[in-house]
Amino acid sequence: MTIQSLDISPVGRVEGDLDVRVDIENGRVVNAWTHAELFRGFEVILRGKDPQAGLIVTPRICGICGGSHLTCASWALDTAWETEVPRNAILARNLGQIVETIQSIPRYFYGLFAIDLTNKKYRHSRFYDEAVRRFAAFTGKSYELGITISAKPVEIYALLGGQWPHSSYMEINWGIAYIVGISKDRSDDSLVFP
Amino acid sequence: MSFLNAEEPTVCDLIADFGIKLLWHPSLGVELGNNLQTLLRDCIAGTIPLDILVFEGSVVNAPNGTGEWNRFADRAMKDWLADLAKVAKFIVAVGDCATWGGIPAMSPNPSESEGLQFLKRQEGGFLGKDFVSQAGLPVINIPGCPAHPDWITQILVAIATGRIADIAFDELNRPQTFFNTYTQTGCTRNVHFAYKASTAEFGQRKGCLFYDLGCRGPMTHSSCNRILWNRVSSKTRAGMPCLGCTEPEFPFFDLKPGTVFKTQTVMGVPKELPPGVNKKDYALLTMVAKDAAPPWAEEDFFTV
């Protein structure tokens with residue numbers, strides 16, 4: 001039996017450019033490769049720069065998970081500099097991470113995934129009309145609702161960092177976000193970390 | 001994904017209310033693989049009219065001008081762009097990468113990146129200084145890292161409803177409606193700026209970030225404090241210095257050691273002053289402002 005190769009370029013509906021190649025034998029996938037053919041050289045760019053450049057450059061690697069990159073960059077610097085990160089700063093960082101994750105859930109489901117359920121190849125399914133009503137890109141009832149509310153969680157990120165995406169607010173010491181500064185006098189850490 | 005945060009109008013409004021037919025989008029488009037390649041070829045051949053080409057990301061030329069470091073749909077991305085740019089009625093560059101080259105084009109620019117019609121402030125870029133799209137306009141630049149989603153959707157609506165001629169552009173082809181005022185315009189720290197009260201360290205609500213923490217709000221053209229981010233705030237309001245990301249020089253000073261979150265000064269005077277202010281007047285203003293400053297200018301009057 002011959003192996004049939006299938007090249008999908010681009011795969012689409014991912015963040016960035018992605019290609020997939022699969023080998024199919026007897027109707028089964030026997031091998032698969034992914035390749036993302038974009039090199040910008042962020043690591044090369046950061047060499048020799050101010051250490052805090054990591055807080056500016058790394059979040060901008062990605063448009064949907066910049067907060068995760070910022071968290072990692074902040075912790076990496078804190079580790080290198082042996083910073084004692086105050087608990088409120090940790091809270092502010094974690095809140096940013098949490099809301100970014102919540103933001104990505106409806107975007108992944110409605111924006112990236114559920115559209116495929118409306119593919120014409122499924123038109124003989126008895127669920128097809130309902131899928132189209134709900135999930136059709138931009139006009140589906142659930143799609144529109146899901147995409148619109150997906151912007152809400154990161155409003156919390158913007159309160160802490162000024163904007164989502166691409167803030168650098170998880171700064172060393174007290175964090176840039178002023179809320180961290182004021183709460184250091186006011187909050188009782190023991191309530192949060194019993 | 002910042003685009004999906006658009007509010008006035010939302011992305012769904014663009015499609016449903018303004019009748020924009022989205023041919024394709026890397027994260028949101030329906031077609032994949034060969035179907036997309038056919039769609040793109042139909043656009044290039046003119047079978048499918050391409051009214052608006054929105055381009056994000058820098059134009060990657062490496063290695064050796066081939067663009068092979070950014071392949072898309074089985075070709076170098078820059079080859080697709082060159083073909084599509086010939087047929088598009090309007091071209092909109094979104095974000096710093098597409099407008100001026102952005103972070104990838106920062107020294108040493110390993111990917112040999114450039115923007116569509118600029119590399120930093122230098123005219124030219126990938127399409128050349130004299131390029132105009134089918135409608136006779138140069139590339140419309142909506143810079144920012146990221147560009148504010150409402151700037152994007154509003155410009156797309158202006159094009160789709162035939163009103164783009166009403167919009168004036170600056171010398172960098174940015175729509176003036178968003179880029180004529182400064183980031184500082186509308187900043188809640190303006191009162192502290194006026195009295196020269198500084199935010200000396202992070203985590204404070206009082207004070208202005210311009211004097212010590214390297215804020216570029218007074219020198220940067222954007223509407224970040226008029227059209228708020230995520231509807232609620234802006235970097236400077238939250239206490240994060242403006243990085244000047246709507247200007248071609250971003251990231252400023254190539255982020256060399258000592259330039260990040262730190263105002264560059266000579267003998268205590270900021271090297272860069274708000275546009276149009278000369279050094280002598282600035283020194284005078286500083287003396288008067290400090291003398292006139294009321295005690296509350298140094299208080300955190302937000303905390304009650």
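Note on naming: letters A, B, ... go to the chains in the order of the sequence lines (proteins, then strands), and numbering restarts at 1 for each one. These numbers come from the heavy atoms of this one structure, side chains and all, not from hydrogens, waters or symmetry mates.
Distance alone, capped at 3.5 Å, is enough to place a donor-acceptor pair between the A:Arg60 side chain and the B:Cys145 backbone. Of the possible polar contacts, none joining the A:Ser9 side chain to the B:Gly33 backbone as a donor-acceptor pair under 3.5 Å is found. Judged by distance alone, with hydrogens and angles left aside, the side-chain atoms of A:Asp17 form no donor-acceptor pair with the main-chain N or O of B:Phe72 at under 3.5 Å. Formation of a donor-acceptor pair under 3.5 Å by the A:Arg13 side chain with backbone atoms of B:Gly29 is found in this model. No side-chain donor-acceptor contact under 3.5 Å links B:Arg237 to the backbone of A:Gly162. A distance-only check finds a donor-acceptor pair linking the side chain of A:Asp50 to the backbone of B:Gly258 [under 3.5 Å].
Of the two parts of B:Arg71, the backbone and the side chain both hold a non-hydrogen atom closer than 4.5 Å to a non-hydrogen atom of chain A. With a 4.5 angstrom heavy-atom cutoff, A:Arg40 touches chain B via backbone and side-chain atoms both. With a 4.5 Å cut-off on non-hydrogen atoms, B:Leu243 touches chain A through its side chain but not through its backbone. The contact between A:Val57 and chain B is made by backbone and side chain atoms together, counting heavy-atom distances below 4.5 Å. Of the two parts of B:Leu22, only the side chain, counted from C-beta on, holds a non-hydrogen atom closer than 4.5 Å to a non-hydrogen atom of chain A. Heavy-atom distances place the backbone of A:Val11, and not its side chain, under 4.5 Å from chain B. Heavy-atom distances place the side chain of A:Phe42, and not its backbone, under 4.5 Å from chain B. Looking at B:Leu36, the atoms closer than 4.5 Å to chain A (heavy atoms on both sides) all sit in the side chain, from C-beta outward. For B:Val60, the part sitting under 4.5 Å from any heavy atom of chain A is the side chain, from C-beta outward, and nothing else. At a 4.5 Å heavy-atom cutoff, the contact between B:Ser2 and chain A is made by backbone and side-chain atoms alike. Interface residue B:Leu4: backbone and side-chain heavy atoms are both found under 4.5 Å from chain A. Interface remark: B:Pro146 contributes backbone and side-chain atoms alike to the contact with chain A (heavy atom separation under 4.5 Å). Interface residue A:Ile115: only side-chain heavy atoms are found under 4.5 Å from chain B.
Of all non-hydrogen atoms in A:Ala158 and B:Ser233, the two that sit nearest each other are O-CB, 3.5 Å. What you find for B:Val30 and A:Ala137 is that their closest heavy atoms are CG2-CB, 4.4 Å.
Per-residue heavy-atom pair counts under 4.5 Å with chain A were compared for B:Arg231, B:Lys256, B:Gln37, B:Glu112, and the maximum is reached by B:Arg231. Ranked by heavy-atom pairs shorter than 4.5 Å toward chain A, the options B:Asp13, B:Asp254, B:Leu14 are led by B:Asp254. Counting heavy-atom pairs under 4.5 Å between each of A:Gly66, A:Gly16, A:Ala53 and chain B puts A:Ala53 at the top.
A heavy-atom distance below 4.5 Å is not found between the side chains of A:Tyr157 and B:Asn230. Contact of the A:Ser167 side chain with the B:Trp229 side chain is not registered, since no non-hydrogen atoms from C-beta on lie closer than 4.5 Å.
Taken to the nearest 0.5 Å, the CZ atom of A:Phe138 stands 10.5 Å off from the CD1 atom of B:Ile20. Put simply, CZ on B:Phe250 and CD1 on A:Ile56 are 6.5 Å apart, with the number rounded to the nearest 0.5 Å. Of the inter-residue distances, the one linking B:His148 atom NE2 with A:Gln163 atom CD reads 8.5 Å to the nearest 0.5 angstrom. In this structure, A:Arg107 CZ and B:Asn5 CG are separated by 4.5 Å, a value rounded to the nearest 0.5 Å. Residue A:Ile45 holds its CD1 atom at 7.0 Å from CG of B:Asn109, rounded to the nearest 0.5 Å. For the atom pair B:Met77 CE and A:Glu37 CD, the distance stands at 11.5 Å (nearest 0.5 Å).
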Can you check side chain to side chain contact (heavy atoms under 4.5 Å, CB included) on B:Lys262 and A:Gln52, steps first, answer last? CA-CA 11 Å; B:Lys262 196 167 174 3; A:Gln52 294 179 105; over 6 Å; no

